[in-house]
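Here the structure is laid out as structure tokens; the discussion comes afterwards.
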Amino acid sequence: MSPWLQGLTRLRQYPSALAGLGIIVLLVAVAIYAVTAIPYSEARDLWRSGEAWQDLPTSAPPVWADRLLGGDAPRTIRVATDDVVMEQERYEGVRLQRATLPVEFPYGGFPQEVNLFVESQFDDRQPFVRLTWRTPDGEAIPLGARRVGESERISISQDRQLESRLGFAPQVGLFTDAAPGTDDPQVRQGTYELVIEAIQFEETATLDANLVVYGQVHGLFGTDHKRRDLAVALLWGTPIALAFGLLAAVGTTVTTLIIAATGVWLGGWVDAAIQRLTEVNMILPLLPILVMVGTLYSTSIWLMLGVVVVLGIFSAGIKMYRAMLLPIREAPYIEAARAYGAGNARIILRYLVPRILPVLIPTFVTLIPTYVFLEASLAVLGLGDPVLPTWGKILNDAQAQSALYHGHYYWVLEPAALLMLTGLGFAMLGFALDRVFNPRLRSV
Amino acid sequence: MAAATHRSTSASLLRDLRRLGLFTAKRVLALVVTVVIGVYLTIVIANMGGQVDDLRMAQIRSEVAEQVRGDPAFQELSAEEREALMEEQVQLEVERLRLDEPFIWRSLDYLRQAVLLDLGRAEQMHSDAGSRKVYNIIAERLPATILLFGTANLLVFFASVLAALWLSRRYGSRLDRAAIALAPSSAAPGWFYGIFLILLLSFVAPLLPSGGMVAAPPPEDPWAYAASVARHMALPVLAMFISQIFISIYSWRTFFLIHASEDYVEMARAKGVPDRLLERRYILRPTLPPIITSFLLMLIGLWSGAIILEQVFNWPGLGTLLFEAIGHRDTPVIIGSVVIFAYLLAATVFLLEFLYAILDPRVRIEGGQR
């Protein structure tokens, strides 16, 4: 059995390694799902667009968090004129269109906002629209009348006049039967109706309306301050975090190892130069330099990756690998390789490097979460990638909006939990690998 | 007899000191060269592609244009004359800032200034005392960083070494295994735990302040002031402690266990040397240099982590300063901070070398030949 296979068999004895491996497989599966479900460019545009999110509530916690605490907060209700039959009456020169949008409201809390999105097509004269709100016991509350343009948002919950008439904020007053000015109004559950009456002045003019009664909770992951569904960012953060961690870890460890091996094999001034470079590199502060590059040039995640790899090449690891490689240099099998005429590159890559690769594997696995957190750290500092949604950027948004202060705990906890999961998964596997591949540790 | 021994010990002490001095001098020289190269690299990175120069040129142009347009003395001039005047002013400014010289000469000049800690003037920011000098701005923040990180690191170091010694004696016990199982928790950096601690101890159960260094307004009484600082320090220190402690215990435990199975330790144990003595003389003494090394390497790693931890806890140190400088796009402050960080790292490395020289008998015996 090869030592690799043997190592893997031994790995089975460590439950933490299996748990870690399970977490990693899960994350990879999520990453693959994210990349296939929402392609890169689409995810980028989706996250940056404002329009795609206009009928989601702002800073709404996930549904399960509310239900778990025994809450009964409303979810978002959307009713469109396309879903109902529009009545039409013709008069001389005008048409009267009439649609009744039913709003089934069975929740214990008031909605966050009420908006009506109206789209109409006309040549010259704008349609005239009158809105009426009908409560479950038939009471009619006029919501005003106006001309509407081609695409318009009517913010019913921002109507100051209506507010003074109702004695409550409109999104409260429209859904309660409490007397105006009551301290603690209760929700009246039941089916409400919004009656839209439109007067069209042209034969071909059309009108589409979409009523959105914004809930207090949303989906599995909630939304942020710009109404964006956190699910998209959490989902797409996974492949980005894994790719960044993996590429950075591969880039730094492999180059470091090869350079250490080159130094050991060639010796002389090459070795001395590598040693001095390592010492210079040791005093170059990585994070401040990343911050500097991010501020002065670009915060693109790929540039950051490049800087991390370049600064990681001559890392302190070189000294460790050097100490391990020095005795191997004199080993008989290397001499045998020289005897058959192997060149420098061949000896370094085929004889020296593979020999200490097993020692490198655990280091490599434990390095991945370090870089995942590094990316998150940069994002928390406000130097996240300008276009891509990442876990760190969610944390940064949450911090900028004082999420903890306002009690939006989900906003911080969700990306944090994912980061923690990634960190734990790789660290658990790495520690177990360390014991398997480092013979010195096997007995302890 | 006694006098002879005395003389020989004082002579050997003198010899040791001389060699130590020689060794230190050599290392200092090497480190100075290293720092100079490091700082120069920083300057080159900061000026990569001359983008910073372009930015400064644009700034000069707009400032000069503003000045000329705003000055009533130049109102009478025609457009061409005003244009020429502006051009002349820009040239003067460029010459003053030596932007017309090739980058290589200017970079050497920057290097000289940076090495001498003459870090220039900030563009936007100023210190709390009102100074615009980058050096003053940074010097004002440095003590806060050193206080926080010194405390946390010393705490982690001593707690982990003691706990590891204790656990290595009880190798295989339930506590020992628990410590190993908890080691992966250190994959997350301090600021990450900081977020949770703020959530739990400042918002869910408001016990400790969520950020800052002292209460506002700061207490008059020095004792009350210290108490307030300690209260504000508790959470960041705890966050760093949690993120570092288990990995440190794990690595020290493994380290001690490996050394405890060395032949000479077994031999001493067989002779009946008491456990305490065994630990002190046979395990700790020979492993002291690597312990110190790893402590200082940990320090090096933590200087960088400082930036975010400070920002999360709003601690008025170097990290927060750097963060604010990013916000203001204040290049001199950013470059200055990087230089200061490089100096701190170099100082740490130097301390490492120096302690090594004292602790490692080989340095003394070989007279600095390593």
Side-chain angles (χ1 to χ4, degrees), chain A residues 16 20 276-277 279-297 307 316 366 368-370 372-374 376-378 380-383 395 398-399 403-405 407 409 412-413 416 419-420 422-432 434-435 438 440-441 443-444, chain B residues 30-31 33-35 37-38 41-42 45-46 48-49 51-52 55 171 180-181 183-189 191-192 195-196 198-199 202-204 210 250 253-254 257-258 261 297 300 303-305 307-308 311-312 322-323 325-327 329 331 334-335 337-338 341-346 348-349:
Chain A
S16 66
R276 296 293 91 75
L277 268 173
E279 276 156 24
V280 171
N281 197 52
M282 220 153 116
I283 68 150
L284 284 183
L286 174 64
L287 200 59
I289 287 189
L290 280 177
V291 165
M292 193 170 79
V293 170
T295 318
L296 297 181
Y297 305 107
V307 177
T366 31
I368 295 176
T370 316
V372 172
F373 274 103
L374 181 71
S377 307
L378 285 173
V380 168
L381 282 178
L383 295 172
L395 279 176
Q399 219 182 6
L404 289 182
Y405 179 76
Y409 297 152
V412 174
L413 289 179
L419 279 170
M420 192 74 233
T422 314
L424 272 184
F426 282 102
M428 285 195 312
L429 182 67
F431 276 89
D434 203 20
R435 301 228 218 139
N438 274 354
R440 282 261 267 182
L441 298 178
S443 53
V444 288
Chain B
L31 265 174
V33 174
T34 319
V35 169
I37 297 175
L41 279 179
T42 310
I45 296 174
M48 207 190 318
Q51 263 170 318
V52 176
L55 269 173
Y171 159 62
I180 299 178
S185 68
S186 300
W191 63 263
F192 184 79
I195 292 178
F196 285 98
I198 291 177
L199 176 64
S202 298
F203 289 109
V204 176
S210 69
Y250 173 82
R253 185 202 79 103
T254 315
L257 279 177
I258 288 171
S261 58
L297 283 179
I300 291 179
W303 280 122
S304 288
I307 298 171
I308 299 161
Q311 203 263 318
V312 166
L322 191 57
F323 179 73
I326 299 171
R329 306 264 148 179
T331 322
I334 295 177
I335 296 174
S337 310
V338 177
F341 267 110
Y343 266 101
L344 281 176
L345 289 185
T348 317
V349 173

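Lettering of chains follows the sequences in order, A, B, ..., and the numbering in each one begins at 1. Below, all heavy atoms of this structure are taken into account, side chains as well, without hydrogens, waters or symmetry copies.
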Could you pull out the closest heavy-atom pair between A:Ala416 and B:Phe192, with the gap in Å?
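Reported closest heavy-atom pair: O-CZ, 3.0 Å.
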
How close do B:Ser185 and A:Met420 get, heavy atom to heavy atom, and via which atoms?
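Heavy-atom minimum between the residues: O-CE, 4.2 Å.
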
My understanding is that only residues two or more places apart in sequence, or in another chain, count here; which of them pass ring-ring contact (aromatic ring centres under 6.0 Å, His included) with A:Phe431?
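Checked A:Phe431 against ring-ring contact (aromatic ring centres under 6.0 Å, His included); matches are B:Tyr250.
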
Highest number of heavy-atom pairs under 4.5 Å with chain A: which of B:Ile198, B:Val35, B:Leu41?
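Ranked by contacts with chain A, first place is B:Val35.
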
Compare all side-chain heavy atoms of B:Thr34 with those of A:Arg276 and state whether any distance is below 4.5 angstrom.
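Side-chain contact under 4.5 Å: no.
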
Are any of the side-chain heavy atoms of A:Leu287 and B:Ile308 separated by less than 4.5 Å?
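With C-beta onward as the side chain, the pair touches.
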
Interchain contact, [X] with chain A, by part (heavy-atom threshold 4.5 Å):
X        : answer
B:Val204 : both
B:Phe203 : both
B:Phe196 : side chain

List the steps, then state whether side-chain contact (heavy atoms from CB on, under 4.5 Å) holds for A:Leu395 with B:Ile195.
CA-CA 10 Å; A:Leu395 279 176; B:Ile195 292 178; 4.2 Å; yes

How many angstroms lie between atom CD1 of A:Ile289 and atom OG of B:Ser337, to the nearest 0.5 angstrom?
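Reported value, rounded in 0.5 Å steps: 12.0 Å.
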
Answer with side chain, backbone, both or neither: which region of [X] has an atom nearer than 4.5 Å to a non-hydrogen atom of chain B?
X        : value
A:Ile368 : neither
A:Val412 : side chain
A:Ser16  : neither

